[in-house]
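What you see below is based on every heavy atom in this structure, not just the backbone, and it leaves out hydrogens, waters and symmetry mates. By convention in this document, chain letters (A, B, ...) are assigned in the order of the sequence lines, proteins followed by strands, and residues within each chain are numbered from 1.
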2 protein chains.
Amino acid sequence: MIYREKGYRCGIDVTLAVVGGKWKSSILWHLAQETMRFSDLQRQFSDTTRKMLTQQLRELEADGMVHRKVYPQVPPKVEYSLTEKGRSIHPILEQMCAWGKAFVGE
Amino acid sequence: MIYREKGYRCGIDVTLAVVGGKWKSSILWHLAQETMRFSDLQRQFSDTTRKMLTQQLRELEADGMVHRKVYPQVPPKVEYSLTEKGRSIHPILEQMCAWGKAFVGE
DNA sequence: CAGTATCCGCAGTGATACTG
DNA sequence: CAGTATCACTGCGGATACTG
């Protein structure tokens, strides 16, 4: 199974490559609630550097999970939202969230 | 949300901490089919070092996801199988697998 | 505001050799 | 057979400064 010139053992590995990044699932989770500006995301992920946040967003964008809308104005304004593909992972994230809670709450 | 003295943003992060490791989901996936000896796993994951494989298995064991049965004999024999907790993640893995396949097959 | 660019430390990983 | 132990290296990610 090939994606972006890399081989994957099965679909699970692909999924983890897309949402398994350090902050990606959380980003997708938050964007599912609402469209957010970069500064909004910075506030939510205050323990992350701009660099990391940008990088994760760029990868999600490259995978077609998020849409990046740039308003050509000064000062700049950039909004991030989920694409259709990005929304399609949400049921799985919800289950992962529930499983994780149950796992800890024992 | 605390687990093993580490804070997690939400259940998703916990789940990824448990199954998101480089080979963990694949290990859980294969063990779901059948109990395997260490050498069986080595064959399946031929591109992984013994060290990595051992480490991932130890972490899965510490999280109560796999059971490690040692046969006290020479030469040694060690069998790995899923615990109840380990089996409980399987539905999610199946969905991740399906999602990943759909993601690539476009 | 929303990013790049650059440098750097160190944890994670690999290679190799050894052991009960 | 099923692991440890040790060393060396790479590259992820943090800190900081700069830019359109």
Spacing between [X] atom [atom1] and [N] atom [atom2], to the nearest angstrom:
X	N	atom1	atom2	result
B:Arg43	D:dA2	CZ	C1'	13 Å
A:Leu53	C:dC1	CG	P	15 Å
B:Met52	D:dG3	CE	P	14 Å
A:Lys24	D:dC12	NZ	P	12 Å
A:Gln56	C:dA2	CD	P	18 Å
B:Gln55	D:dA2	CD	C1'	16 Å
A:Leu57	C:dT4	CG	P	10 Å
B:Glu79	D:dG3	CD	C1'	16 Å

Please step through side chain to side chain contact (heavy atoms under 4.5 Å, CB included) for the pair B:Leu41 and B:Leu57, ending with a clear verdict. CA-CA 10 Å; B:Leu41 287 164; B:Leu57 285 166; 3.9 Å; yes
In this structure, which one of A:Lys85, A:Arg4, A:Arg58 forms a salt bridge (charged side-chain N to carboxylate O under 4.0 Å, His left out) with A:Asp63?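 Exactly one pass, corresponding to A:Arg4.
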Nearest-nucleotide pick for B:Pro76, side chain only, options being D:dC1, C:dC1, D:dG3: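 The answer is D:dC1.
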A:Thr49 has a side chain; which of D:dA15, C:dA2, D:dG3 sits nearest to it?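 Closest nucleotide among those given: D:dA15.
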Check this one for me: any side-chain N or O of [X] less than 4.0 Å away from OP1 or OP2 of [N]?
X	N	answer
A:Arg37	C:dA2	yes
A:Lys22	D:dG14	yes
B:Ser39	D:dA2	yes
A:Arg58	C:dT4	yes

Assigned partner base of C:dG20, Watson-Crick or wobble definition, under 3.5 Å: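 For C:dG20, the partner nucleotide comes out as D:dC1, under the 3.5 Å rule.
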Would you indicate what B:Tyr80 reaches in the nucleic acid, counting non-hydrogen atoms under 4.0 angstrom: base, sugar-phosphate, or nothing?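 B:Tyr80: backbone/sugar contact only, no base atoms under 4.0 Å.
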Closer to the 5' end of DNA chain D via nearest nucleotide, is it A:Asp47 or A:Pro75?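 Between the two, 5'-proximity favours A:Asp47.
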Donor-acceptor pair under 3.5 Å: do we get one between B:Lys51's side chain and the base of C:dG14?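 For B:Lys51, whose side chain was compared with the base of C:dG14, there is a donor-acceptor pair (under 3.5 Å).
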Note, B:Ser26 side chain near A:Ile12 side chain (heavy atom, < 4.5 Å):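 With C-beta onward as the side chain, the pair stays apart.
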Are any side-chain N or O atoms of B:Gln33 and backbone N or O atoms of B:Trp29, one a donor and one an acceptor, separated by less than 3.5 Å?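 Such a contact is found between B:Gln33 side chain and B:Trp29 backbone.
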Mind checking whether A:Tyr71 and A:Tyr80 sit in one hydrophobic cluster, side chains of I, L, V, M, F, W, Y counted as touching below 4.5 Å?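 Unlinked, A:Tyr71 and A:Tyr80 end up in two clusters.
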